[in-house]
Structure formats: C-alpha cells, structure tokens
Amino acid sequence: MRADADVDASRPSGPDGLVMGKDGLAALVDVLIRRGFTPVGPTVREGAIVLAELGSADELPYGWGVELEAGRYRLRERADGAAFAHAAGPQSWKPFLHPPRVREWTADRVAGELVVTAERVAPPRYAFLGVRPCDLRAIAVQDRVLTGGAYRDPGYAGRRSGALLIVVECTEPGATCFCVSMGTGPATGPGYDLVMTEVVDADRHRFWVRSGSREGAEILAELPARPADPETRRTARAGVAAAADRMGRSMPETDLRELMARTLDAPRWDDVAGRCLTCGNCTMVCPTCFCTTTEDVTDLTGDHAERWSLWDSCFDLDFSNLHGGPVRASARSRYRQWLTHKLGTWYDQFGSSGCVGCGRCIVWCPVGIDITEEAAALHDWTRSGQPTPEPS
Amino acid sequence: MSTVAPPLPYHVAGTWEETDDTRSIELVPAGAELPPFAPGQFAMIYAFGVGEVPISVSSLRGAHGGLVYTVRAVGAVSSALHRLRPGDTVGLRGPYGTGWDLDAAAGHDVLVVAGGIGLAPLRPVIQEVLGRPDAYGRLAVLAGARTPADLIYRDQFAGWGESAWVAVTVDRSGPRWRGAVGVVTALLDDLDPHPGRTHALVCGPEVMMRHTARDLVARGLAPHRVQVSLERNMRCGTGHCGHCQLGPLLLCRDGPVVGYDRAARLLLVREM
Ligand SMILES: Cc1cc2nc3c(=O)[nH]c(=O)nc-3n(C[C@H](O)[C@H](O)[C@H](O)COP(=O)(O)OP(=O)(O)OC[C@H]3O[C@@H](n4cnc5c(N)ncnc54)[C@H](O)[C@@H]3O)c2cc1C
Ligand code: SF4
Ligand code: SF4
C-alpha cells in the first residue's frame, strides 16, 4: 500500500467509486504484478479475443470489438479505442480455475506398500481482469458445484481462493448474449473484488471503478484515480442500462426448469438431434460445464502411477457407459441431457440455473444450434395444444 | 464439508471365488482407516495403475474384521481386482452414497429382492436384520440369477433360512437344480408380503428393479416403502464428475439408494 494513499484502503470504495483513465488501467496491471498476482485478461490472438497472461495493459484489446452470430465469430475494429467493448470470447475463466487436465494424485509402490500422495502444487494467484458479469455468475455456479457440496475439490478450491476478480460491466452486448433473460448482467452482481465500467466519450476514455472487497479497496487505493464525478457515474450507468435493452437474444419468458421437465417427449429433440454433431464444443466453451473423467497412467517401471482428471462431455458416447453400452446412445438423448441439465435439473442438483446466458455455445457450435431457439421451440410446443404431463 | 482425499492403502486380507465371474475380497486398513460404511454405501476401489471403480460394501465385518466387497469381472479394473492375492494393496475411498434407509425399515417386515450381483449391496442388510431381530419384523430374501451357477453367497442361504424366508429363482435351470425357474417377481406370490407392514429393498438390473417395484406397489406397498439401488457410470463418488446423473439426481450423492416414489418417474424415461 502506498504511504500517500488518499483513500481509506481498509474499506470498499462505496457506491460512488473512483474514476481513472487508461493510465489507471496500466497502473492496475503493474500493481497486480507487484502484488504477486498473475494477471489474466483479454488480448487479441489469431483472430480472436482470448484470455491470456498479461505483461502490461498495452496488451488489452484496445479498439477491438467482435461480431457474434450462431456458428460465427469475427473481430471488428472499433474507432473509439475501447478496451472492453467485446462480448464473450471462445474461452471463459474455466480453463484457469478448472483446467482441462489436472493431476490429482500419484501412487508409488515402495517396498511392496502403496504410497499415495495428493497433488500439492501451489497454484498461481490469478487476477482476472475483465470478468464479464455473466462469467462472474458462472464462477459462482462452479464454486457451488466443486466446493459447495459435501466434498470440496481441493485443486479447484486452491486456485479459486487465491483468485482476484476484476469485473468489467457490459456496454456492448453481442448478438448471442442473453444475460438479461438469465438475470446475470449486463450490470454486475456481487462477488467481485473490483468492478469497472468503461466510458468512452468524444475526448475522454475513462473507467468508473468500485471495490467490493478489502483487497480490491487496497489495490484501488494504489491507482491514479480520483472520486468519480456525477457525470461519469451517470454516463456509465446509462451505458449499462442501454446494453440491457440491446440484448442479442432472449429466452422464452416462462419457468425454464418446468419447461424442461414437461418436454422430455417433445419431437423437437429429434429435430435438433438431426442437426447436432455431438461434437461437444458447447460443453467445452460453456463456463459452467464441469464434467470430468479420470485417466490412470503408469510409468515404464510400473511402480509409479498417476491419477489425472480430464474435462469430459455428456455428448461423448462413453460418458454414460454401463453394462456394455451407453445409457444415452442417441444424439437426441445426449442433447436433451445437456439442455435439460443446463436449464432444468441443475436447479435440483445445485440450486440455480446452469446457464448464465453468455452465448458461447451458440457462437462455437459448428452448425449454429442456438440454445435460446431450442428453448423457444420447446415452449411453442407446450403451447400448441400438445399434451403436457405435469412434471410432479 | 470435507475435502476430497486420495485413496487410503488397504491390504487384501482374503479373497475367494463366489461364481465363475465373481470374487469377493476382504480389505483391512494398512494404516489410517476410512469412516465406517453403512449397508448400501459404496467405495471407490483403486487397482494400482489401472483405475478406480465404485463397489458396494457386501459385508461390514469379514473373517478378519475388514470390509468385504464382491466384484463381478466385466472390464479392466474389475478384472484387476480379481487378480489380487492376500497381502496385496489397493487404494480405498469412501464411504459414499446414501445407503439403505434402515431407520425407515425398522419395525417393519423387511423384504429383500435381489437380482444377480445385486445381492452384494443387500447382504449387509440381511446380516443387520438377522443380528438385531428385535428391531425388525419378519425378513424375506428373494434372490434371482441367470443360472444356478451365477448365484452368489449360495452357501449362506441355508443359514439365513433358519430365521428368514429365503426363496431363489433362476432364468435358466441347470443340472441338479430343483428350485424355481422364472423371474424374481414370481416369488412374490408365495410370500404375499403384507402391504402395510412391509419395507422392500431392491437391487438388480434396472428392468428387474422396475418390474419388482411396480409389482410391489400394485400389491399395495407405498412407493416410498420400496427402496431401489440405482447404477450409473461413476468416476469420482464425490459429486464432481457429473457422470452419475439421472435427471435431477446425482446418484453418488442422492443415491445409489433412492425411494421408488422418486425413482419411478425417472426410470420410465428412455435414455435418461
Ligand atoms: C454405486 C455402484 C455400486 C456398484 N457395486 C458393485 C458391486 O458391488 N459389485 C460389482 O461387481 N459391481 C458393482 N458396480 C459396478 C461396477 O462399478 C462396474 O462393473 C465397474 O465400474 C466396471 O469397471 P471396469 O473397469 O471393470 O470395466 P470397464 O473396463 O470400465 O468396462 C468394461 C465393461 O463394463 C461396462 N461397465 C462400465 N461401467 C459399468 C458399471 N458401472 N456397471 C456395469 N458395467 C459397467 C462397460 O460399459 C464395458 O462394457 C457398482 C456400480 C455402482 C455405480
Ligand atoms: S449454456 Fe451456453 S449460453 Fe448458457 S452458460 Fe453455457 S455456454 Fe453460456
Ligand atoms: S449442440 Fe453444437 S456444439 Fe453442442 S454437441 Fe451439438 S453440434 Fe456440437
């Protein structure tokens, strides 16, 4: 903490927050590095805005936006130089907190005895810069799954507990976004350390910053920021409110959980099965999909074995293997499993929706299957005079 | 809440054949011990370098005071468990899952209905009820298997029969078989369980459980008085891998034992 900090660093910054320019963002990345964090944020690589380790704020995607559509992703240059005027990219924060491959433990045969050793690598302390409100909710959803039950996943818990979350509210939603339907954005919910709203005017590029934790407040106190003026706050709020009115997609206005329970026999599942390639892309890009499988390997001596945990997908045939065959053999049953889990049974299992409305599954589906369109079709079916058994 | 821990080393105290494709192993802790298992709960058993599989405890106290597991060889890990010899070491995690609700069964006639290897998770129930006769009403054990040679624990039937109603049936008869031939539900006619007094615990192939539970409900048992032990693929046992979903249930957490009042609807949906 700086000796000349003029803000009480022990307290969150209050609703009025501070305002800073691009120099503030540059200072933020420096402060994070100085404090021992590994900053991760959006940057342009190979035609996409990806999340990667940042050496400085210069690497942020200033002046880049994205065009999103079902099965399509394209970068677009922006004249205003905004850093965060882009919606969800191909990755979420999931690969950092819940990596695709994790070693869980090793087993060694020592003098005829089995010695099992839990994996204990100190994870990096990540600072996630530019977490979208939908993704903040997705992290909370995964927290619940991996640490909120009777058992805590130690690896996830370790990576997560050290992570600093810096949210940037959305002012530029993509055509595939539907956070308003899912109640996750474009304004942030709780759980952040810092939240920023980017404001770009004709001549001023600035960030309205509030802290949500003690650590966030301490970091904010080190930045070249001053109390936010009413005009900045008003403009920032208006930008977020306008984004809510410009959502690219929306879910049908009905109880989605009940819709899923009522439509298990709908013909629409056959229709979507005719298009779905069961490639599992949607599960890989989804920020809440958490399923894993295990892999056991031995080295050449045969006395050293390792247990790995790998991302898995409910679209994989092996996923439901039992008695010489998968329980869910048809594409219909696998797509239905995915969608009903996301929108329905997730509530039963983990107390919330499994979908946060980020739109990634729509963008990265090679055949452009759209979760909102499928839900709408199921909803239409229930209203078309079809028998709708009570979900009881 | 506890943190997922890697398996604890357990020694093989004994191993013996049950049928051509099924063996039992008794495991005793090599050092630290897992919390006690309840009937119907399962362990993740790790065969060194090969993998880990969910296996129900089939006796809480073997000849050496250890935990007994009965394993049918169907693939890589179960076959590796068959190759174990006394003194070998495996890794063990658990206990996981709901277990049979024996509190609900207390004071009732207990009806155990098993198909094939499904008798394994029910044997601790039989042992519990026989060991505490005052706590329960009458015990009946109905067991089915494909052929007489596929019946596990056959040597124990006579002992159970001294204090319980034991009836056995096979799909296909064999030499010197004088017992019943047919589905296990046919054994219910002779028993004629009292619907108001009976609590049924059922484990076997899913079709068998569906038919048995439906039959019992038709005979007047309340669906919540019929417990079934369901099976799905499981990788972790701790509710994190997502494989054991059956609609709203995570079977490693909300099961494997589930009341038929909850299970009935789920078992009707194809490919759920
Ligand atoms: C809660 C629970 C309790 C169980 N209790 C017992 C028990 O007491 N005794 C026992 O013998 N088995 C039990 N099983 C089944 C046992 O876990 C599987 O047989 C085992 O996982 C197969 O693993 P494998 O590596 O030997 O076979 P794999 O090499 O994984 O598979 C070989 C073949 O078996 C099939 N298979 C895969 N998983 C299962 C499965 N869960 N059940 C049946 N076939 C499967 C595969 O589709 C494949 O055809 C239980 C399963 C669960 C979920
Ligand atoms: S289901 Fe699709 S829209 Fe919903 S959170 Fe997952 S990737 Fe995003
Ligand atoms: S919905 Fe699309 S992304 Fe998901 S498995 Fe089917 S084809 Fe792949």
Side-chain angles (χ1 to χ4, degrees), chain A residues 104-107 109 112-119 145-154 156-157 261 264-265 289-298 302 304-305 307 309 312 314 318-324 326-330 332-334 336-337 340-341 344-345 347-349 392, chain B residues 1-11 30-31 44 46-53 72 74-77 80 87-93 96 205-206 230-250 252-254 262 265-266 268-272:
Chain A
E104 295 191 322
W105 39 266
T106 58
R109 257 199 292 245
E113 290 296 330
L114 179 67
V115 179
V116 186
T117 314
E119 185 76 359
V145 173
L146 296 172
T147 62
Y151 299 95
R152 183 173 38 219
D153 176 330
Y156 180 88
L264 293 171
D265 297 326
C289 274
F290 60 86
C291 291
T292 49
T293 187
T294 51
E295 189 178 87
D296 292 272
V297 294
T298 43
H304 175 78
R307 154 58 53 85
S309 168
D312 203 358
C314 54
D318 285 343
F319 188 87
S320 62
N321 241 351
L322 203 63
H323 299 300
V327 171
R328 291 184 284 274
S330 67
R332 173 186 193 276
S333 68
R334 282 177 274 153
R336 186 182 67 185
Q337 165 64 23
T340 54
H341 190 214
T345 52
Y347 283 98
D348 301 278
Q349 295 169 6
S392 87
Chain B
M1 193 205 292
S2 58
T3 299
V4 180
L8 289 180
Y10 268 64
H11 287 312
M44 296 297 292
Y46 172 64
F48 186 86
V50 186
E52 219 180 8
V53 288
R72 189 154 76 96
V74 298
V77 181
D88 287 350
T89 313
V90 297
L92 206 64
R93 294 191 291 133
Y96 296 130
E206 209 162 288
L230 301 174
E231 189 184 343
R232 281 296 178 271
N233 194 306
M234 284 183 193
R235 312 311 311 174
C236 73
T238 54
H240 299 148
C241 79
H243 280 257
C244 68
Q245 291 178 62
L246 175 64
L249 307 178
L250 283 177
C252 73
R253 179 190 81 179
D254 309 317
R262 293 180 82 188
R265 192 173 51 90
L266 305 175
L268 281 180
V269 183
R270 278 191 55 228
E271 294 192 289
M272 178 92 123

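The chains referred to below are lettered A, B, ... by the order of the sequence lines, with proteins before strands, and numbering in each begins at 1.
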task = Below 4.5 Å from any heavy atom of chain B, which atoms of A150(A) appear? Answer side chain, backbone, both or neither.
result = backbone

task = Check whether R336(A) gets within reach of chain B through its side chain, its backbone, both or neither, counting any heavy atom under 4.5 Å.
result = side chain

request  = Nearest 0.5 Å please: distance from the OG1 atom of T345(A) over to the CD atom of Q245(B).
outcome  = 6.0 Å

query = Donor-acceptor pair, D296(A) side chain versus G49(B) backbone, under 3.5 Å?
reply = no

ask   = In Å, rounded to the nearest 0.5 Å, how long is the span from CZ of R235(B) to OG1 of T293(A)?
value = 4.5 Å

Atom group of V74(B) that falls short of 4.5 Å from chain A, counting heavy atoms = neither

task = Would you check if the side chain of R328(A) reaches a backbone N or O of M272(B) as a donor-acceptor pair within less than 3.5 Å?
result = yes

message = Is R109(A) close to chain B through its backbone or its side chain, or both, or neither, when contacts mean heavy atoms under 4.5 Å?
response = both

key: Contact winner vs chain A - P9(B), A5(B), G239(B), P7(B), heavy-atom pairs under 4.5 Å   = P7(B)

message = Rounded at 0.5 Å granularity, tell me how far CG in N233(B) sits from CG in D318(A).
response = 8.5 Å

query = For L249(B), is it the side chain, the backbone, both or neither that has a heavy atom under 4.5 Å from a heavy atom of chain A?
reply = backbone

query = Quick one: does E271(B)'s side chain have a donor or acceptor within less than 3.5 Å of a partner on A329(A)'s backbone?
reply = yes

ask   = If every non-hydrogen atom of G242(B) is compared with every non-hydrogen atom of C291(A), which pair is closest and at what distance?
value = CA-SG, 3.6 Å

key: OH on Y96(B) to OH on Y151(A), rounded to 0.5 Å   = 5.5 Å

query = With under 30° as parallel and over 60° as perpendicular, where do the rings of F319(A) and H243(B) fit, or are they tilted in between?
reply = parallel

task = Would you indicate whether R262(B), at its atom CZ, is surrounded by more than 12 heavy atoms from other residues, nucleotides or ligands within a distance under 6.0 Å?
result = no

ask   = Which heavy-atom pair separates Y46(B) from A305(A) by the least distance, and what is that distance?
value = OH-CB, 3.4 Å

ask   = What part of V327(A) gets closer than 4.5 Å to chain B, counting heavy atoms only: side chain, backbone, both or neither?
value = both

note = Correct closest heavy-atom pair for G247(B) and Q349(A) would be O-NE2, 3.0 Å

key: Step-by-step side-chain contact (heavy atoms from CB on, under 4.5 Å) determination, R152(A) to V4(B)   = CA-CA 6 Å; R152(A) 183 173 38 219; V4(B) 180; over 6 Å; no

query = For the side chain of R253(B) and the backbone of G149(A), is there at least one donor-acceptor N/O pair under 3.5 Å apart?
reply = no

key: Proximity breakdown for D312(A) and chain B, heavy-atom pairs closer than 4.5 Å   = side chain

ask   = If you count heavy-atom pairs under 4.5 Å with chain B, which of R332(A), Q337(A), R307(A) comes out on top?
value = R307(A)

message = Taking side chain as everything from C-beta outward and backbone as N, CA, C, O, which of these in S330(A) sits under 4.5 Å from a heavy atom of chain B? Side chain, backbone, both or neither.
response = both

pair T292(A)-H240(B): side-chain heavy atoms closer than 4.5 Å = no

message = Let's test your reading of the structure: which of A118(A), P154(A), G148(A), P326(A) forms the most heavy-atom pairs below 4.5 Å with chain B?
response = P154(A)

ask   = So which part of E231(B) gets closer than 4.5 Å to some heavy atom of chain A, the side chain, the backbone, both or neither?
value = both

task = Indicate the atoms forming the closest heavy-atom contact of F290(A) with C241(B), along with that distance.
result = CE1-C, 4.4 Å

task = With a 4.5 Å cut-off on heavy-atom pairs, point out which of D348(A), L114(A), T340(A), L264(A) contacts chain B the most.
result = L114(A)

